[in-house]
Number of protein chains: 2
Amino acid sequence: MTGARSGRRAGDSGTREAIVTAARRRFAENGYDGATIRGIAADAGVDPALVLHFHGTKERLFAASLQLTVVPGELITSVLAAERRRLGEEFTGHLGEIVVRSVLTVWEKEDARASFVGMLRSAATNEQAARMLREFVTTTIMTALSQAVGPDAGEPDPATRRYRASLVASQVIGLAFTRYVLQLAPVTSASAAELVAAIGPTIQRYLTGDLSSG
Amino acid sequence: MTGARSGRRAGDSGTREAIVTAARRRFAENGYDGATIRGIAADAGVDPALVLHFHGTKERLFAASLQLTVVPGELITSVLAAERRRLGEEFTGHLGEIVVRSVLTVWEKEDARASFVGMLRSAATNEQAARMLREFVTTTIMTALSQAVGPDAGEPDPATRRYRASLVASQVIGLAFTRYVLQLAPVTSASAAELVAAIGPTIQRYLTGDLSSG
DNA sequence: GTCTATAATCGGATAGAC
DNA sequence: GTCTATCCGATTATAGAC
């Protein structure tokens, strides 16, 4: 009879989060098409109908499981900003290594890696997921690139600028695919430091080097 | 009553080949899991049951559609041998560009590209396909690399040799993924010559350069 | 909030007629 | 060689009881 609310609180008790976590893992392991509501529900220990009760549709659940992916975008930019302050003049020269170290650091966080691997696997067979990954890659890399090289230094022409960014994407995506999806022996077992030393200069050249000759 | 064979000839009239071609295209577009017997049959203009009548199972059909992929392996090795004769002393120095030009040339052939893209898309979500791609990549790149750098010159240590090969794989696979699967704008529209100039030096460094620093 | 039941499809594979 | 008919399993999604 009082004005106080009765019944269950709106703030749920973990199952919603458990569902999203299970979804992220399943999408990462099997891609969008391969992951199933039933499997996600089983992982989360809930009824399959409950998953859709919360998120409405598989697509929206996928989007929800990737919300975390927005963070790495900002994370990379903030890491770059910090490195820029730290290195000052030398910053531009070590940009390639910084980029590689940044992505490898982000990918050591299981949630972030799962999100990205999920996008990779999904984009391979699902056009909508491919669109999402394209957008994510371009915005992330392009903004990072702008903040990194700066509007002043580096490449002024926006066309070659996009070209440089896409070359970076080809190597970064290739690294993620061989390391986490294909699991090709030496790349998978290599340490972050080794990969930074090996691939950093490649990124450096794509960002600031001469692309018309060896 | 003669000893002559009667009935239809064993050499079939094109439908078998049509099925394999349709299969290759479907696997390339949708990956192993996404491609369907029914869809392949529709593309080939035959009954779905006929597809399995010929090939028994979906797995074997996939393998059959990839049989062509063996050729590019040999093709690359022969291209490398030819270039080696042509360039002589300078060969080793231009190895990176030669590798990139080779794969891009192979991928211009629709069948070969479809086979590789099919393996890529399939490997993203199917462990068995991933195993196949791993094997294909290692044998192809490793043998090509051996014949290229030669048993004498280059890297003597087999461990770092495998490491170098896997780095090459990460960039080559990344190129294929961004150009044909993800279809990221500038990489997709770039000419072979541009990509050779941009990516060749990367491969060169992975093959023969110093990997422990910039 | 949670679950049962079920609708509506779509998948690979098989048996067997012609 | 070709096709019809069908089995059996799995999928997303919805309706509705509790």
Side-chain angles (χ1 to χ4, degrees), chain A residues 5-27 29-66 118 121-122 124-129, chain B residues 5-27 29-66 118 121-122 124-129:
Chain A
R5 297 288 178 83
S6 63
R8 213 181 197 289
R9 289 289 159 76
D12 49 357
S13 48
T15 73
R16 191 177 188 122
E17 189 57 31
I19 289 174
V20 174
T21 304
R24 186 159 40 235
R25 199 169 66 245
R26 283 280 184 165
F27 285 130
E29 278 173 16
N30 307 113
Y32 181 82
D33 297 324
T36 67
I37 304 284
R38 286 165 152 83
I40 292 166
D43 279 10
V46 302
D47 191 273
L50 196 59
V51 176
L52 294 175
H53 174 69
F54 276 132
H55 295 94
T57 171
K58 190 183 177 182
E59 261 180 46
R60 284 177 46 193
L61 174 60
F62 182 58
S65 82
L66 259 40
R121 284 203 157 104
S122 301
T125 51
N126 189 289
E127 178 51 34
Q128 191 174 354
Chain B
R5 297 288 178 84
S6 63
R8 212 181 199 287
R9 288 290 157 75
D12 49 356
S13 47
T15 73
R16 192 178 187 118
E17 190 57 32
I19 289 174
V20 174
T21 304
R24 186 157 40 234
R25 199 169 67 243
R26 283 280 185 165
F27 285 129
E29 280 174 13
N30 308 113
Y32 180 82
D33 297 323
T36 66
I37 303 285
R38 287 168 154 87
I40 292 167
D43 279 10
V46 302
D47 191 272
L50 196 59
V51 176
L52 294 176
H53 174 70
F54 276 133
H55 295 95
T57 171
K58 190 184 178 181
E59 261 181 46
R60 287 177 45 195
L61 175 60
F62 182 58
S65 82
L66 258 41
R121 285 203 157 104
S122 302
T125 51
N126 190 288
E127 179 51 35
Q128 193 174 353

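The chains referred to below are lettered A, B, ... by the order of the sequence lines, with proteins before strands, and numbering in each begins at 1.
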Closest nucleotide among [options] to the [X] side chain:
X: A:D47; options: D:dC3, C:dC3, C:dG1; result: C:dC3
X: B:K58; options: D:dG1, C:dA13, C:dG1; result: C:dA13
X: B:A49; options: D:dT4, C:dG11, D:dT14; result: D:dT4

Between [atom2] of [N] and [atom1] of [X], the distance in whole Å:
X: A:R16; N: C:dG1; atom1: CZ; atom2: P; answer: 8 Å
X: B:H55; N: C:dA13; atom1: NE2; atom2: P; answer: 13 Å
X: A:F62; N: D:dA13; atom1: CZ; atom2: C1'; answer: 19 Å
X: A:N30; N: D:dT11; atom1: CG; atom2: P; answer: 11 Å
X: B:L50; N: D:dT4; atom1: CG; atom2: P; answer: 11 Å
X: B:L52; N: D:dT6; atom1: CG; atom2: P; answer: 19 Å
X: A:D33; N: D:dA10; atom1: CG; atom2: P; answer: 18 Å
X: A:I40; N: D:dT11; atom1: CD1; atom2: P; answer: 11 Å

NZ (B:K58) and CD1 (B:I40) are apart, to the nearest 0.5 Å, by 7.0 Å
Taken to the nearest 0.5 Å, the spacing of B:E59 CD from B:Y32 OH works out to 4.5 Å
Using a cut-off of strictly less than 4.0 Å, decide whether A:T57 has a side-chain nitrogen or oxygen near OP1 or OP2 of D:dA13.
-> yes
Do A:F27 and A:L66 have side chains that get closer than 4.5 Å, going by heavy atoms?
-> no
A:D33 versus A:T125: any side-chain heavy-atom pair under 4.5 Å?
-> yes
Tell me what A:A35 touches on the nucleic acid: a base, only sugar-phosphate, or nothing, going by heavy atoms under 4.0 Å.
-> sugar-phosphate
Give A:I37 one of three labels, base, sugar-phosphate or nothing, depending on what nucleic acid heavy atoms sit under 4.0 Å from its own.
-> sugar-phosphate
Map A:G39 and A:H53 onto DNA chain D by nearest heavy atom, then report which one ends up closer to the 5' terminus.
-> A:G39
Would you check, one step at a time, whether the test side chain to side chain contact (heavy atoms under 4.5 Å, CB included) holds for A:H55 with A:V20?
-> CA-CA 9 Å; A:H55 295 94; A:V20 174; 3.7 Å; yes
